[in-house]
Amino acid sequence: MSDFDPVVVVFACDYCAYTAADVAGRMGLSYPPGVRVLRVPCAGKVEPMYLMNALQMGADGVLVAGCQVGDCHFKSGNLRAAARVKRVQELLEEIGIGGQRVAMAHMSAGQGAVFAQAATEFSQQIAEMGPNPIKQGARRAA
Amino acid sequence: MITAQRKPMEEIFQSVERFGKILLLGCNECVTVCHAGGRKEVAMLASALRMGRLKQGSPLAVDELTLERQCDPEYAEELALAIDKYDAVCSMACGCGVQTIAGRYQGLPVLPMVNTTFMGASERQGVWAERCAGCGDCVLGLTGGICPVARCSKRLFNGPCGGSSKGKCEISPEVDCAWQLIWDRLKQLGQTELYTRIMEPKDWRTARDGGPRRIVREDMAI
Ligand code: SF4
Ligand code: SF4
């Protein structure tokens with residue numbers, strides 16, 4: 001594994017993933033230090049532009065974490081989030097940034113271990129992909 | 001509304017290759033409603049262009065602006081003071097908007113970022129379908145409100161072709177046969193006599209066949 005510690009932004013739904021992140025903390029479960037958790041009222045609140053902005057500002061990967069399928073507090077916010085993530089993946093692939101830099105995860109509020117595992121695995125996957133290529137490009141252009 | 005879809009990124013990157021600073025210009029009307037070229041899509045494409053070009057090591061400065069309507073000269077005028085800053089305008093409006101901007105700013109390349117696709121309606125959230133081909137002589141009153149020009153693959157005017165099967169058109173099981181829809185609706189309306197009535201050959205000069213069209217309203221002109 002590479003020793004590069006990627007910056008991973010997690011948009012975490014208040015009703016599940018954000019609470020799960022809290023539970024992970026209380027359980028003393030660790031996940032990579034580059035993981036930054038941002039609370040959103042629902043995964044469905046995550047606009048495609050949020051993902052693009054995070055990457056444009058230098059994040060190496062972005063994870064959207066919402067409720068389990070069928071369990072969304074707002075009925076289908078998590079499904080809409082998953083569809084948007086897919087669309088952004090396609091766009092990122094098209095522009096050579098790599099579609100796998102964004103992903104969707106599902107969990108319930110009590111699943112601290114699932115949160116820690118999803119954050120860790122995604123962070124490892126991003127570490128294998130390497131840093132967000134816009135950073136190197138910006139250095140070359142400077 | 002007029003519907004459109006963003007062009008493939010490869011084509012877009014090629015078209016802006018030689019530029020260093022562009023204005024990405026959206027439109028607040030049809031292309032906003034069909035999620036092709038409104039403020040949000042402008043932001044997405046701007047971001048994609050910036051990141052793609054950064055990755056290539058040749059940054060592109062992208063300013064974002066969305067006009068109320070790109071196909072009206074008074075809105076196009078809003079760009080007058082700032083336009084000289086740019087190497088090109090990349091328009092996310094339909095072809096009418098692109099041409100309005102290109103007509104007003106003759107010295108500047110104005111490029112289309114979307115493929116204008118058809119005049120259509122929303123079938124449900126996220127799905128649009130062709131409904132009118134602007135033939136200039138509407139027959140919807142005779143066809144149960146279903147357009148045989150835009151919705152029949154062969155633009156037939158006197159009933160279905162032999163390919164109509166189980167309500168679907170022979171070109172694809174995904175496509176409804178317009179004449180099946182017309183028949184069903186005429187039955188529902190109790191107007192089946194309209195189905196048996198022979199429609200005269202259509203005069204296509206009112207459509208594109210008569211050349212580019214124009215509407216002049218002296219009472220509205222100032
Ligand atoms: S008949 Fe002509 S004007 Fe009427 S909906 Fe069809 S294409 Fe449009
Ligand atoms: S199957 Fe129906 S819609 Fe298709 S071409 Fe024939 S008449 Fe038109």
Side-chain angles (χ1 to χ4, degrees), chain A residues 6-9 11 44-62 64 72 74-102 126 129-142, chain B residues 4-22 24 26 28 31-32 34-66 87 90 92 113-115 122-128:
Chain A
V7 173
V8 167
V9 174
F11 289 103
K45 176 69 192 94
V46 179
E47 297 264 353
M49 230 3 247
Y50 295 6
L51 310 182
M52 298 297 277
N53 269 338
L55 292 169
Q56 212 178 290
M57 290 166 80
D60 300 298
V62 189
V64 180
C72 173
F74 301 101
K75 287 205 170 126
S76 56
N78 52 354
L79 302 179
R80 301 190 66 182
R84 288 175 191 157
V85 165
K86 186 164 172 273
R87 175 93 180 175
V88 173
Q89 283 176 333
E90 287 160 6
L91 179 59
L92 292 173
E93 202 56 46
E94 260 194 288
I95 64 174
I97 300 294
Q100 298 314 309
R101 287 191 185 275
V102 300
I126 298 297
M129 289 177 81
N132 180 343
I134 69 167
K135 293 191 264 197
Q136 207 199 349
R139 273 196 298 275
R140 260 193 296 148
Chain B
Q5 289 172 293
R6 177 177 52 72
K7 283 179 173 290
M9 287 307 299
E10 195 185 344
E11 182 183 343
I12 291 180
F13 278 125
Q14 259 170 25
S15 68
V16 299
E17 210 168 34
R18 59 187 202 280
F19 305 128
K21 186 169 170 92
I22 61 161
L24 191 56
N28 211 14
V31 287
T32 292
C34 70
H35 303 281
R39 198 168 288 116
K40 285 185 178 181
E41 291 74 33
V42 166
M44 285 297 285
L45 180 57
S47 178
L49 279 169
R50 288 185 200 113
M51 285 202 275
R53 283 282 292 262
L54 262 180
K55 190 201 167 204
Q56 294 163 18
S58 66
L60 177 67
V62 184
D63 281 354
E64 303 169 30
L65 184 69
T66 297
D87 302 332
C90 293
M92 296 192 81
M113 296 291 108
V114 303
N115 290 325
S122 230
E123 281 188 345
R124 56 189 161 86
Q125 176 77 19
V127 180
W128 298 269

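Lettering follows sequence order; numbering is per chain, from 1.
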Can you say whether B:Arg53 sits under 4.5 Å from chain A via the side chain, the backbone, both, or neither, judging by heavy atoms?
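Contact with chain A involves no heavy atom of B:Arg53 at all.
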Whatever's closer than 4.5 Å to a heavy atom in chain B on A:Leu55 counts as both
Given that the side chain runs from C-beta out, which part of A:Gln56 has a heavy atom under 4.5 Å from chain B: side chain, backbone, both or neither?
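A:Gln56 touches chain B through backbone and side-chain heavy atoms alike.
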In this structure, are over 12 heavy atoms from other groups packed under 6.0 Å from [X] atom [atom1]?
X	atom1	answer
A:Lys86	NZ	no
B:Arg50	CZ	yes
B:Lys40	NZ	no
B:Lys21	NZ	yes

Option in A:Leu51, A:Asn132, A:Leu91 with maximal non-hydrogen atom pairs under 4.5 Å from chain B:
A:Leu91
Any idea which heavy atoms bring [X] and [Y] closest together, and the distance?
X	Y	result
B:Met51	A:Ile134	O-CG2, 3.5 Å
B:Ser47	A:Met52	OG-CB, 3.3 Å
A:Ala141	B:Gly57	CB-O, 3.4 Å
B:Lys55	A:Gly96	NZ-O, 3.0 Å
B:Gln56	A:Arg140	O-NH1, 3.7 Å

Can you tell me how far apart CD (B:Glu10) and CD (A:Glu94) are? Round to the nearest 0.5 Å.
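If I round to the nearest 0.5 Å, the distance is 9.0 Å.
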Looking at CD of A:Glu90 and CE of B:Met9, how far apart are the two atoms once the value is rounded to the nearest 0.5 Å?
13.5 Å
